[in-house]
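Residue numbers begin at 1 in each chain, while the letters A, B, ... track the order of the sequences.
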Number of protein chains: 2
Amino acid sequence: MLKSLPFRLREYQRGEEIITAHSWPQESCLIVEGFTARAVDLEDGTRQVTGVQVPGDFVDLDALLLRQIDHSVVALSACTTGFTPHKDLIRVTEQAPHLGRMLWLATVIDGAIQRTWIANLGRRSPVAHVAHLVCELYLRLEAAGCASGHRLDFPITQQQLADVLGLSTVHTNRTVQELRRTGLITWMDGTVHILNFHALTRLAAFDPTYLSLAAVSR
Amino acid sequence: MLKSLPFRLREYQRGEEIITAHSWPQESCLIVEGFTARAVDLEDGTRQVTGVQVPGDFVDLDALLLRQIDHSVVALSACTTGFTPHKDLIRVTEQAPHLGRMLWLATVIDGAIQRTWIANLGRRSPVAHVAHLVCELYLRLEAAGCASGHRLDFPITQQQLADVLGLSTVHTNRTVQELRRTGLITWMDGTVHILNFHALTRLAAFDPTYLSLAAVSR
DNA sequence: CGTCAGATTGATATTCATCAAGATCGGTGG
DNA sequence: CCACCGATCTTGATGAATATCAATCTGACG
């Protein structure tokens with residue numbers, strides 16, 4: 001039923017803006033391939049990334065209910081996305097309540113991830129924060145069939161990573177270096193290799209429950 | 001229809017735990033009176049507050065779909081809450097899709113608030129963060145009919161506020177003092193008085209769009 | 001060969017945490 | 001009534017963490 005919905009495919013280049021802040025979208029956007037990030041731009045010119053999407057994630061499902069969107073979405077890598085009109089998604093939720101609950105669930109899991117990010121920003125050290133982020137992304141990508149063998153593509157600039165961590169680029173650079181120095185990961189040319197997953201989860205105090213991967217698996 | 005749902009009222013004292021982390025609730029909790037906070041406890045003993053609820057807010061609507069809850073909820077003040085079984089809420093979403101969408105909307109607005117909190121933690125200065133928090137809470141309380149005249153009850157300990165801001169208690173204290181010194185607010189005995197709302201929103205770079213208060217008003 | 005984006009490094013200033021010590025205030029028992 | 005206590009707020013001193021500024025380095029590309 002979901003597959004029968006109308007959609008249009010579109011490709012974006014790295015860095016391109018997929019959704020502009022304060023717009024009023026009439027479609028929702030699903031990532032087919034590539035990475036995107038939600039970004040909030042503050043008045044002083046700084047930017048905070050509030051979420052990262054991987055293939056299979058909806059990017060702006062909340063706009064289905066919220067009308068005006070309060071953040072922009074940018075392509076972290078080359079992406080292909082599918083757009084489906086809101087009215088068709090709404091129709092699905094009415095005709096197939098269990099599918100509607102699945103969409104609701106997607107937004108709720110998004111919220112759980114956001115709560116974890118709040119904890120990361122507020123109370124985890126920068127090193128633990130990066131470690132946590134890598135653990136999270138690896139499991140999400142693995143669940144989406146886009147990563148295996150403790151290796152993942154994560155084509156993010158250190159400038160952008162700084163906007164995820166809420167740090168300066170210089171400090172971000174030193175944080176990644178520390179993670180490399182301790183032998184837990186390598187990170188080169190947009191590819192992260194987790195050398196010791198168990199130690200990484202321990203450093204990050206990572207508990208994957210919030211990702212609800214068991215519930216999502218099919 | 002919502003009012004006809006079965007529910008049980010319960011009161012909590014300040015500081016009491018309403019929902020324990022990693023539990024498996026079968027009911028959802030609505031705040032009737034008082035304030036609560038969602039808290040994530042980290043392994044090193046620190047705590048991060050990921051959200052604050054005011055009267056009219058659901059506290060754990062996400063547990064309706066998520067099963068296991070990943071955070072605890074504590075009473076910031078004396079509270080009275082209403083618990084409604086999940087199965088009754090689910091039934092409502094099936095029989096009255098528009099009400100189901102309203103519940104969905106509630107979780108989506110929650111997510112928008114969380115994104116703002118991520119930006120607050122990552123990129124706003126502590127002073128701007130507190131200012132933003134006060135603006136947000138005032139508008140939410142006003143919308144709930146629990147505040148007016150730029151005055152709001154916010155019975156939170158500076159220790160707890162520190163867990164909201166991701167700072168130490170000492171620094172939190174100095175941050176609040178700075179906000180008082182600049183003449184923007186007074187904050188005594190759990191009551192905040194906004195002396196210059198416009199200047200406060202400017203300091204916080206506060207844009208109320210994310211609260212969707214227009215859409216929620218009835 | 002020049003240019004540019006991104007990564008890296010060092011020096012320095014600012015912010016924030018930590019530690020330790022009062023201060024204030026309501027409650028509580030003698 | 002008074003001494004004591006615990007919780008909370010406040011303050012000062014110190015050191016660690018982080019931002020900022022300014023270079024340098026690297027590799028891709030025309």
If we only count heavy atoms from C-beta on, is the I19(A) to T36(A) side-chain gap below 4.5 Å?
no
Quickly work out the [X] [atom1] to [N] [atom2] distance and round it to whole Å.
X: Q159(B); N: dA17(C); atom1: CD; atom2: C1'; value: 14 Å
X: L161(A); N: dT8(C); atom1: CG; atom2: C1'; value: 15 Å
X: I156(A); N: dA5(C); atom1: CD1; atom2: C1'; value: 16 Å
X: L165(B); N: dC16(C); atom1: CG; atom2: P; value: 11 Å
X: W187(A); N: dG6(C); atom1: CH2; atom2: C1'; value: 14 Å
X: M188(A); N: dA28(D); atom1: CE; atom2: P; value: 11 Å

Nearest non-hydrogen partners of [X] and [Y], listed with the distance:
X: L121(B); Y: L165(B); result: CD2-O, 3.3 Å
X: S72(B); Y: E17(B); result: CB-OE2, 3.7 Å
X: F58(B); Y: Q53(B); result: O-CG, 3.9 Å

Applying side-chain hydrogen bond (donor to acceptor under 3.5 Å, both in side chains), which residue pairs with at least one partner in residues 183-202 of chain A are found, sequence neighbours left out?
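Every side-chain hydrogen bond (donor to acceptor under 3.5 Å, both in side chains) pair that includes a residue of residues 183-202 of chain A, provided the two are not neighbours, is D153(A)-T191(A).
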Could you list all the side-chain hydrogen bond (donor to acceptor under 3.5 Å, both in side chains) pairs where at least one residue sits in residues 76-86 of chain B, not counting sequence neighbours?
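Residue pairs passing side-chain hydrogen bond (donor to acceptor under 3.5 Å, both in side chains), neighbours aside: S28(B)-H86(B).
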Using a 4.0 Å heavy-atom cut-off to protein, can you give one letter per nucleotide of nucleotides 10-25 of chain D, 5' to 3': B if the base is in contact, S if only the sugar-phosphate is, - if neither?
SBBB----SSBB----
